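Since the structure comes first, as structure tokens, the remarks are kept for the end.
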Amino acid sequence: MKLVLFDIDGTLIDAAGAGRRAFNRALERLLGVVNPLDGVPLDGRTDTLILHEVLARVGRLDVFQDIDLLRHLYGLYVQILEEELAAAGDGDYRVLPGVYELLEYLSASDRFLLGLATGNLVEGAWVKLRPGRLDRYFSFGGFGDGALSRTDVVRRAVEEGRRRVRPNEPLEPIVIGDTPLDVEHARKAGAKAIAVATGRYRFDELQRLGPDLVVESLSPIEPVLEFLEA
């Protein structure tokens, strides 16, 4: 069985920065800091790592020690993210080319098990998938809650995948993502990596990292299927 793990932002969808705006607004409301995410890289990182960096900058790492405050922050973020996506206009949210076709094909086959490997908080991940009805293709994954490293995210997804197959059944994990960190941490977690140049990184930039496969887009789906079915 092949476990195909998908990143979300830049791989499955383009939400035109809704996640960044929601995180910014939630942190501004809670901490009173204007544009706390300015200059903080988001691509390929977990929400926990991003939040840790922001809170360290503003001297509020105590938030991580206050479970109730942290839950309030996460809840506020998810609420604002829902508002951002509900208000999205034409072109502000789109499912990327080839995604529906690939997910339909893989989900119809008993050779594949689909999951997520995303730095998003679990609730934020489902909120981002719902507008495109992509949540129907997934029931589990590895998420950014409490994880500083994407390696841990992939490992969690693989562990959950193993619970869903027969005991001792071989499970080959493959991560599909759009950033160098998706490739790096897939390898560190013992997974193969497919890089797709639908995010901020160009084909040649991703190719230099030596993923098992790199494509410009998930459309057409045939190159990805040829790799997955080999």
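Please read these numbers as outputs of a predicted model, since none were measured by experiment.
- We find that D43 and R200 are joined by a salt bridge, their nearest charged nitrogen and carboxylate oxygen being less than 4.0 Å apart.
- Environment of CG in D62: crowded, with over 12 heavy atoms of neighbouring residues, nucleotides or ligands closer than 6.0 Å.
- Remark: L116 CG to I8 CD1 distance equals 5.0 Å, nearest 0.5 Å.
- Contact detail for G161 and L113: the closest heavy-atom pair is O-CD2, 3.7 Å.
- Remark: N24 CG to Y77 OH distance equals 11.0 Å, nearest 0.5 Å.
- Taking CE of M1 as the start and CD of E172 as the end, the distance is 12.0 Å to the nearest 0.5 Å.
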**Message:** As a quick check of understanding, evaluate side chain to side chain contact (heavy atoms under 4.5 Å, CB included) for L42 and F23, giving each step before the final call.
**Reply:** CA-CA 11 Å; L42 305 187; F23 228 147; over 6 Å; no
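- A distance-only check finds a donor-acceptor pair linking the side chain of E28 to the backbone of N35 [under 3.5 Å].
- Nearest heavy-atom pair across L129 and L12 is CD2-CD1, 4.0 Å.
- Within a 6.0 Å sphere centred on NZ of K192, heavy atoms belonging to other residues, nucleotides or ligands number 12 at most.
- The closest donor-acceptor contact from the side chain of R111 to the backbone of E229 lies under 3.5 Å.
- Partner of R71 under the side chain to side chain contact (heavy atoms under 4.5 Å, CB included) criterion, out of L73, I67, L69: I67 alone.
- The backbone N or O of S217 sits nowhere less than 3.5 Å from a side-chain atom of T198 that would complete a donor-acceptor pair.
- In plain terms, the two heavy atoms of V224 and I176 that are nearest each other are CG1-CD1, 4.4 Å.
- Y93 places a side-chain N or O within donor-acceptor distance of the main-chain N or O of K128, the cut-off being under 3.5 Å.
- The two residues R150 and A117 have their closest heavy-atom pair at NH2-O, 3.2 Å.
- The shortest heavy-atom contact between L134 and Y100 is CD2-CE2, 3.6 Å.
- To the nearest 0.5 Å, atom CD of residue E169 and atom CZ of residue R162 are 10.0 Å apart.
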**Asked** Would L121 and F143 count as a side chain to side chain contact (heavy atoms under 4.5 Å, CB included) if you check the C-alpha gap in whole Å, the side-chain angles of each, and the deciding distance to 0.1 Å?
**Response** CA-CA 6 Å; L121 301 175; F143 302 92; over 6 Å; no
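- Between F64 and H52, the ring-plane angle classifies as tilted under the 30° and 60° cut-offs.
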**Item:** Intermediate values then yes/no, side chain to side chain contact (heavy atoms under 4.5 Å, CB included), E222 and V215
**Value:** CA-CA 11 Å; E222 284 74 18; V215 292; over 6 Å; no
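- Salt bridge R163/E160: present, at least one basic N to carboxylate O contact under 4.0 Å.
- Counting only distance, with no hydrogens or angles, the side chain of D178 and the backbone of V196 share no donor-acceptor pair below 3.5 Å.
- Judged by distance alone, with hydrogens and angles left aside, the side-chain atoms of T46 form a donor-acceptor pair with the main-chain N or O of A147 at under 3.5 Å.
- Between the OH atom in Y74 and the CG atom in L30 there is a gap of 11.5 Å [rounded to 0.5 Å].
- Panel note: side chain D145, backbone V122; a donor-acceptor pair is recorded below 3.5 Å.
- The distance from atom CZ of R25 to atom CD of E84, rounded to the nearest 0.5 Å, is 5.0 Å.
- Taking 4.0 Å as the cut-off between side-chain N and carboxylate O, R156 and D152 do not count as a salt-bridged pair.
- With hydrogens and angles ignored, the 3.5 Å screen pairs no side-chain donor or acceptor of D66 with any backbone N or O of V63.
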